[in-house]
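Remember, it's 1-based here, ligands and their atoms both numbered in the order they're listed. Just so it is clear, the values below take in all heavy atoms, side chains as well, and ignore hydrogens, waters and symmetry mates.
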Amino acid sequence: LIKEAVAYEAKTKEDIENFRLKYLSRKGLLNELFDEFKLVPNEMKKSIGKEINTLKVTLEEKLAFLQNSAGSNSNTDTVDSTLDLTLPEIPQGLGSLHPLTIVRKRIVEIFARMGFNTEEGPEVESDWYNFSALNFAENHPAREMQDTFFVDKAKIQKDDMLLRTHTSNVQTRLMEYKKPPIRSIMAGRVYRNEAISARAHCQFHQVEGLYVDKNVSFKDLKDTLLHFAKEMFGKDTQIRLRPSYFPFTEPSAEIDISCFICHGEGCNICKHSGWVEIAGSGMVDPNVLENCGIDSEEYTGFAFGMGIERITMLKYGINDLRLFFENDVRFLKQFTGA
Ligand code: PHE
């Protein structure tokens with residue numbers, strides 16, 4: 001019986017079921033033997049019992065084998081027999097946020113707590129929103145302050161499209177579609193036709209801020225930026241405003257922060273001056289308000305713009321701008337958990 005059972009071949013599920021019915025079901029051969037076992041004389045019970053048990057185990061194993069191989073047979077199309085599922089996994093490190101993302105989020109968060117919402121604008125922009133509406137005259141030398149990438153006119157059949165040179169294009173768009181009060185922060189990528197070096201790149205990121213309402217003053221600008229500097233670089237940070245020029249602000253000022261590295265002792269970051277420049281700013285020029293349909297008699301505003309790379313380099317002591325765009329994991333993984 002054992003030999004017969006071991007040799008049993010099953011091609012279909014029905015064959016397997018027949019095997020079970022024949023040997024292992026309630027009315028199968030095994031149970032029949034167990035019934036007859038009662039009739040076995042006592043002195044033979046031990047050896048015959050052992051044999052029946054061996055038969056039982058063999059039959060059960062055979063059934064399990066038939067069922068298993070039926071299961072894997074039906075999967076032969078998908079299971080690759082060379083696949084070793086017991087091999088240990090290859091560990092994959094967790095990624096981290098890019099340092100520019102960490103700093104951008106922090107800047108946006110600081111201004112959000114002062115009531116600034118976030119806005120966005122296009123990177124491919126018209127001359128109007130990037131320059132003309134911002135009071136850059138047609139032949140004004142200020143246009144040369146920002147070397148521009150122009151989009152090939154033949155390709156777009158549209159005049160004067162360019163890659164925005166600053167996030168100030170979002171200012172003009174925002175003032176055009178939204179009436180004051182406006183209190184917004186705008187972060188994004190900008191482009192300038194510059195040779196790539198440790199200190200300059202043809203793409204970088206800026207954060208722009210704009211506040212337009214009745215009675216917005218230069219003092220509001222100063223207080224807002226002082227609060228930002230303290231939150232970003234530490235509560236003892238001071239700011240200094242230096243007169244500057246931007247076509248779209250009047251008066252304009254460069255914002256410096258007291259050097260948080262050497263605290264006035266003198267270091268390479270502040271070139272021993274005790275001060276580091278972090279942003280450009282000013283009161284929105286009345287011409288710009290009017291260009292965007294806002295009554296400059298009724299409303300005033302301030303704006304500022306800063307480079308995210310610059311803030312990140314200061315914050316983490318990074319000395320080469322190119323590192324931000326190479327995505328070398330040895331650089332990036334230093335910001336895990338930052
Ligand atoms: N757009 C200026 C720049 O790119 C920065 C700036 C923004 C200055 C807003 C004043 C006000 O340099």
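- Salt-bridge formation is detected for the pair Glu60/Lys56: a Lys NZ or Arg NE/NH1/NH2 atom is positioned less than 4.0 Å from an Asp or Glu carboxylate oxygen.
- Note on ring orientation: taking the six-membered ring where Trp is involved, the planes of Phe233 and Phe260 are tilted (angle from 30° to 60°).
- Less than 4.0 angstrom separates some heavy atom of Ala303 from each of these atoms of ligand 1: 9 (C), 11 (C).
- In this structure, Gln206 counts as a contact residue of ligand 1, since one of its heavy atoms falls inside 4.0 Å of the ligand.
- Contacts between Ser281 and ligand 1 below 4.0 angstrom, taking non-hydrogen atoms only, involve the backbone exclusively.
- A donor-acceptor pair shorter than 3.5 Å can be found between the side chains of Gln206 and Thr167.
- Ligand 1 lies less than 4.0 angstrom from a heavy atom belonging to Arg192.
- Under the 30°/60° scheme for interplanar angles, the aromatic rings of Phe325 and His201 are found to be tilted.
- Inclusion of Glu208 in the set of residues having an N or O under 3.5 Å from an N or O of ligand 1 is not warranted.
- Side-chain heavy atoms closer than 4.5 Å link hydrophobic residues (I, L, V, M, F, W, Y) into clusters, and following such links, possibly through other members, connects Met44 to Leu1.
- For ligand 1, the atoms lying closer than 4.0 Å to a non-hydrogen atom of Phe304 are 7 (C), 9 (C), 11 (C).
- Counting heavy atoms under 4.0 Å from ligand 1, residue Phe248 touches it through the side chain alone.
- Ring geometry, Phe331 versus Phe335: the interplanar angle exceeds 60°, so the pair is classed perpendicular (tilted spans 30 to 60°).
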